[in-house]
Novice: 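Before I ask anything, let me first share the structure, which is written out below as structure tokens.
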Amino acid sequence: MPRILATGFALILLVLCVGIASAQIPFIGVYFDNTWQAEATMACQCPPDGTIDTLYIALTNANTFVTGVEFKVNYPAVAFSYLGDIWTQPVTVGTTATGISMGWPNPQNGFTTIPICGVIIVWNCGGCCPQTDIPLSVVTNPNTTFLGFTDFPNFLPVPAVGLTSTICACSIPVEESTWGKVKSLYQE
């Protein structure tokens with residue numbers, strides 16, 4: 001009897017965990033480092049002009065094996081210049097700047113973060129951002145009108161969400177205060 005209860009409890013736990021895992025939304029993001037931690041934010045201070053750097057694009061939460069991706073990156077007209085994509089697969093049509101469709105020769109494990117490609121840029125903001133909160137967005141591929149990936153073994157398109165990273169996300173200035181001063185702001 002205890003073995004039956006333990007087996008039943010394990011099955012219920014398995015069903016709940018699978019339900020939670022399948023509820024995750026897949027997304028494609030641009031990151032400023034290769035750790036792919038949430039959507040990245042570039043600090044207020046830009047690197048000096050002419051600094052060559054790499055951006056990293058990755059797919060997260062696919063929760064299946066992946067054979068291909070489609071998306072576009074809206075690069076800003078300020079802060080840096082796009083030079084080109086690197087680490088793309090042999091079956092690639094387009095670029096991240098114009099809309100890219102890319103397939104892997106072997107299915108990729110979408111139960112972990114999948115590095116898609118890198119992007120070479122050159123900073124041109126003079127060490128200081130010309131403006132703040134400059135968006136760097138992943139959007140629908142205009143050539144195919146799709147943003148997402150293809151699963152394996154069914155080869156069905158699965159939509160994903162494109163993330164927006166921020167360049168020169170300068171913090172809002174704050175001042176120290178007391179709880180009494182904060183409460184006084186809400187007096188009627």
Side-chain angles (χ1 to χ4, degrees), residues 24-43 46-110 112-126 129-152 154-169:
Q24 293 178 343
I25 297 171
F27 56 87
I28 299 173
V30 178
Y31 304 91
F32 293 97
D33 62 29
N34 61 357
T35 60
W36 310 293
Q37 300 298 316
E39 60 267 34
T41 299
M42 186 67 190
C46 286
D49 276 357
T51 301
I52 296 176
D53 205 354
T54 303
L55 301 177
Y56 302 87
I57 301 176
L59 169 65
T60 304
N61 290 340
N63 296 323
T64 186
F65 284 90
V66 175
T67 58
V69 292
E70 291 189 16
F71 62 94
K72 176 184 184 286
V73 178
N74 280 340
Y75 293 107
V78 295
F80 68 78
S81 297
Y82 165 87
L83 295 181
D85 302 325
I86 55 175
W87 310 315
T88 57
Q89 298 301 309
V91 182
T92 298
V93 177
T95 68
T96 58
T98 60
I100 191 167
S101 298
M102 187 175 78
W104 285 275
N106 296 313
Q108 302 297 296
N109 182 356
T112 62
T113 297
I114 300 173
I116 296 174
C117 65
V119 177
I120 301 295
I121 62 168
V122 61
W123 290 99
N124 56 16
C125 51
C129 291
Q131 66 190 58
T132 59
D133 302 323
I134 303 166
L136 179 60
S137 304
V138 176
V139 297
T140 301
N141 182 334
N143 304 309
T144 62
T145 67
F146 185 66
L147 166 60
F149 60 93
T150 307
D151 78 332
F152 179 83
N154 302 317
F155 299 101
L156 296 174
V158 179
V161 172
L163 297 182
T164 298
S165 297
T166 306
I167 302 168
C168 300

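Atoms considered below: every heavy atom in the structure, side chains included; atoms not considered: hydrogens, waters and symmetry mates.
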Novice: With heavy-atom distances below 4.5 Å as the criterion, would you say the side chains of Val139 and Val73 are in contact?
Specialist: no
Novice: Give the minimum heavy-atom separation between Pro142 and Gly99, together with the two atoms involved.
Specialist: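 Between these two residues, the closest heavy atoms are CD-CA, 4.1 Å.
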Novice: Run Leu59 and Val69 through side chain to side chain contact (heavy atoms under 4.5 Å, CB included) and show every step you take.
Specialist: CA-CA 9 Å; Leu59 169 65; Val69 292; 4.2 Å; yes
Novice: Start with the C-alpha gap between Met102 and Val91, add the side-chain angles, then the distance that decides, and say whether side chain to side chain contact (heavy atoms under 4.5 Å, CB included) holds.
Specialist: CA-CA 6 Å; Met102 187 175 78; Val91 182; over 6 Å; no
Novice: Do you know the tightest heavy-atom contact between Pro115 and Trp104?
Specialist: O-CZ2, 4.0 Å
Novice: Please test Val119 against Ile57 for side chain to side chain contact (heavy atoms under 4.5 Å, CB included), starting from the C-alpha separation and ending with a verdict.
Specialist: CA-CA 8 Å; Val119 177; Ile57 301 176; 3.7 Å; yes
Novice: Is there a side-chain contact between Lys72 and Ile100 in this structure, where contact means two heavy atoms from C-beta onward sitting under 4.5 Å apart?
Specialist: no
Novice: Pair Asp49, Trp123 - check side-chain hydrogen bond (donor to acceptor under 3.5 Å, both in side chains), show working.
Specialist: CA-CA 5 Å; Asp49 276 357; Trp123 290 99; over 6 Å; no
Novice: Who passes ring pair (Phe, Tyr, Trp, His ring centres under 6.0 Å) against Phe146, sequence neighbours left out?
Specialist: none
Novice: Can a donor-acceptor pair be found, under 3.5 Å and without considering hydrogens, that links the side chain of Asp85 to the backbone of Thr96?
Specialist: yes
Novice: Among residues at least two apart in sequence or on other chains, which ones pass side-chain hydrogen bond (donor to acceptor under 3.5 Å, both in side chains) with Thr144?
Specialist: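 Thr144 satisfies side-chain hydrogen bond (donor to acceptor under 3.5 Å, both in side chains) with Glu70 only.
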Novice: State, to 0.1 Å, how close Gln89 and Pro105 come at their nearest heavy-atom pair, and which atoms those are.
Specialist: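 Scanning both residues, the minimum pair turns out to be OE1-CD, 3.5 Å.
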Novice: Let me see the working for Thr35 and Asp33 under side-chain hydrogen bond (donor to acceptor under 3.5 Å, both in side chains), right down to the final yes or no.
Specialist: CA-CA 6 Å; Thr35 60; Asp33 62 29; 2.7 Å; yes
Novice: First locate atom OG1 of Thr64, then atom CG of Asn154, and finally report the distance between them rounded to the nearest 0.5 Å.
Specialist: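 Thr64 OG1 to Asn154 CG: 7.5 Å, rounded to 0.5 Å.
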Novice: With sequence neighbours left out, what residues match Asn34 under side-chain hydrogen bond (donor to acceptor under 3.5 Å, both in side chains)?
Specialist: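 side-chain hydrogen bond (donor to acceptor under 3.5 Å, both in side chains) check on Asn34 returns nothing, list empty.
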Novice: Would you check, one step at a time, whether the test side chain to side chain contact (heavy atoms under 4.5 Å, CB included) holds for Leu55 with Ile121?
Specialist: CA-CA 7 Å; Leu55 301 177; Ile121 62 168; 3.9 Å; yes
Novice: Find out whether Leu156 and Thr150 are in side-chain contact, i.e. whether some heavy atom of one side chain is under 4.5 Å from a heavy atom of the other.
Specialist: no
Novice: State which residues pass side-chain contact (heavy atoms from CB on, under 4.5 Å) with Asn109; sequence neighbours excluded, sorted by chain then number.
Specialist: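 Result, side-chain contact (heavy atoms from CB on, under 4.5 Å) vs Asn109: Phe65, Phe111, Thr112.
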Novice: Could you pull out all residues at least two apart from Thr60 that satisfy side-chain contact (heavy atoms from CB on, under 4.5 Å)?
Specialist: Phe27, Tyr31, Thr113
Novice: Does some side-chain heavy atom of Phe149 sit less than 4.5 Å from a side-chain heavy atom of Ile28?
Specialist: no
Novice: Applying side-chain contact (heavy atoms from CB on, under 4.5 Å), can you list everything that pairs with Ile120, at least two apart in sequence or on another chain?
Specialist: Ile52, Thr54, Leu83, Ile86
Novice: Which heavy atom of Ile134 sits nearest to which heavy atom of Pro76, and what is that distance?
Specialist: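 It is CG2-CB, 3.4 Å.
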Novice: Compare all side-chain heavy atoms of Tyr82 with those of Val122 and state whether any distance is below 4.5 angstrom.
Specialist: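 Of all side-chain heavy-atom pairs linking Val122 with Tyr82, none is under 4.5 Å.
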Novice: Relative to the ring of Tyr75, is the ring of Phe80 parallel (under 30°), tilted (30 to 60°) or perpendicular (over 60°)?
Specialist: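 Rings of Phe80 and Tyr75: perpendicular, over 60°.
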Novice: What pairs with Thr98 under side-chain hydrogen bond (donor to acceptor under 3.5 Å, both in side chains), at least two apart in sequence or on another chain?
Specialist: Thr95
Novice: side-chain hydrogen bond (donor to acceptor under 3.5 Å, both in side chains) with Ser137: which residues, sequence neighbours excluded?
Specialist: Thr164
Novice: Is Asn141 reaching over with its side chain to a backbone N or O of Thr145, donor-acceptor style, under 3.5 angstrom?
Specialist: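 A pair under 3.5 Å: no.
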Novice: State, to 0.1 Å, how close Thr88 and Cys117 come at their nearest heavy-atom pair, and which atoms those are.
Specialist: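 Looking at all heavy atoms of both residues, the closest pair is CG2-CB, 4.0 Å.
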Novice: Quick one: closest heavy-atom pair of Asn124 and Ser81, and the distance?
Specialist: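 Taking every non-hydrogen atom into account, ND2-OG, 2.8 Å.
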Novice: My understanding is that only residues two or more places apart in sequence, or in another chain, count here; which of them pass ring pair (Phe, Tyr, Trp, His ring centres under 6.0 Å) with Phe71?
Specialist: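 By the ring pair (Phe, Tyr, Trp, His ring centres under 6.0 Å) rule, Phe71 matches no residue at all.
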Novice: To the nearest 0.5 Å, what is the distance between CZ on Phe155 and OG1 on Thr67?
Specialist: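 Phe155 CZ to Thr67 OG1: 5.5 Å, rounded to 0.5 Å.
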